[in-house]
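Atoms considered below: every heavy atom in the structure, side chains included; atoms not considered: hydrogens, waters and symmetry mates. The residues of the chain are indexed from 1 along the displayed sequence. All values derive from a computational prediction rather than experimental measurement.
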Amino acid sequence: QVQLVESGGGLVQTGDSLKLSCAASDRTFGTYAMGWFRQAPGKEREFLAAITWTGDNRLYADSVKGRFTISRDNDKNTIYLQMNTLKPEDTAVYYCAAGGLYVARHPSQYQYWGQGTQVTVSS
């Protein structure tokens, strides 16, 4: 069982940037495709970005492409989400997830989840 812990969330203003981190406890972390999701109150969990275990293939939701960047450091067992030009509608709990060999857009395609980190963007 892979354990994931997100960090880096906080309160920012519109237009600010924030970088989230997700640390994995499993040393086989480098074999998993990874993804970032978010969930706002009253809404379903939303796909944001995914990356293969090699880091050579990345997938983004249209809503964040060009603003958010996913990356990973297998030596540190860590995945990142760089978020720029933040908007109030970006306010949500952000989750990282670990899947298999392939990037995917749907939450059901991921096996392991972190506890989430809160991102709040004021207008």
Exercise. May I ask you to decide if Ile70's main-chain N or O and Tyr60's side chain share a donor-acceptor pair within less than 3.5 Å?
Key: yes

Quiz item: Can you name the closest pair of heavy atoms from Ala98 and Leu4 and give their distance?
Solution: N-CD1, 3.7 Å

Practice problem: Taking Thr69 for its side chain and Gln82 for its backbone only, find out whether a donor-acceptor pair lies under 3.5 Å. | Solution: no

Self-check item: Thr91 vs Gln118, side-chain contact (heavy atoms from CB on, under 4.5 Å): CA-CA, chis, key distance, verdict
Solution: CA-CA 8 Å; Thr91 296; Gln118 177 70 46; 4.0 Å; yes

Quiz item: Okay, side chain of Asp73, backbone of Ile79: is any donor-acceptor separation there less than 3.5 Å?
Solution: no

Quiz item: When rounded to the nearest 0.5 angstrom, what distance separates CG in Leu59 from NZ in Lys65?
Solution: 8.5 Å

Practice problem: Keeping the roles fixed (side chain from Glu6, backbone from Gln115), state whether a donor-acceptor pair exists under 3.5 Å. | Solution: yes

Quiz item: Roughly how far, to the nearest 0.5 Å, is the CD atom of Glu89 from the OG atom of Ser123?
Solution: 10.0 Å

Practice problem: Find out whether Thr120 and Val12 are in side-chain contact, i.e. whether some heavy atom of one side chain is under 4.5 Å from a heavy atom of the other. | Solution: no

Quiz item: CG/Leu48 to OG/Ser63 distance, rounded to the nearest 0.5 angstrom?
Solution: 6.5 Å

Quiz item: Is Ser108 reaching over with its side chain to a backbone N or O of His106, donor-acceptor style, under 3.5 angstrom?
Solution: no

Exercise. Quickly, which of Val64, Leu20, Ile51 forms a side-chain contact (heavy atoms from CB on, under 4.5 Å) with Trp36? Name it, please.
Key: Leu20

Quiz item: Could you go step by step and tell me if Asn84 and Phe68 meet the side-chain contact (heavy atoms from CB on, under 4.5 Å) rule?
Solution: CA-CA 6 Å; Asn84 298 326; Phe68 291 8; over 6 Å; no

Exercise. Verify, without hydrogens or angle tests, whether Arg105 (side chain) and Glu46 (backbone) share a donor-acceptor contact under 3.5 angstrom.
Key: no

Practice problem: May I ask you to decide if Ser122's main-chain N or O and Thr14's side chain share a donor-acceptor pair within less than 3.5 Å? | Solution: yes

Exercise. Flag the pair Tyr95 / Phe37 as yes when their ring centroid distance falls below 6.0 Å, and as no otherwise.
Key: no

Self-check item: Point-to-point distance, once rounded to the nearest 0.5 Å, from OH of Tyr112 to OG of Ser25
Solution: 10.0 Å

Quiz item: Any donor and acceptor pair, going by atom type alone, linking the side chain of Ser21 with main-chain N or O of Tyr80 inside 3.5 Å?
Solution: no

Quiz prompt | Worked verdict on Tyr102 versus Trp53 for side-chain contact (heavy atoms from CB on, under 4.5 Å) | solution = CA-CA 8 Å; Tyr102 314 107; Trp53 74 272; over 6 Å; no

Quiz item: Which of these, Val119, Val93, Asp90, sits in a side-chain contact (heavy atoms from CB on, under 4.5 Å) with Arg38?
Solution: Asp90

Practice problem: Report yes or no: does Thr117 contribute a side-chain atom to a donor-acceptor pair with the main-chain N or O of Gly9 at less than 3.5 Å? | Solution: yes

Quiz item: Can Arg45 be said to sit on top of Trp113's aromatic six-ring, NZ or CZ under 6.0 Å from centre and within 45° of the ring axis?
Solution: yes

Practice problem: For side-chain contact (heavy atoms from CB on, under 4.5 Å), just list the numbers for Arg67 and Met83, CA-CA rounded to whole Å, side-chain angles, deciding distance to a tenth of an Å, and then say yes or no. | Solution: CA-CA 6 Å; Arg67 293 195 300 128; Met83 305 185 295; over 6 Å; no

Practice problem: Measure the CE-OG1 distance between Met34 and Thr78 for me, rounded to the nearest 0.5 Å. | Solution: 9.0 Å

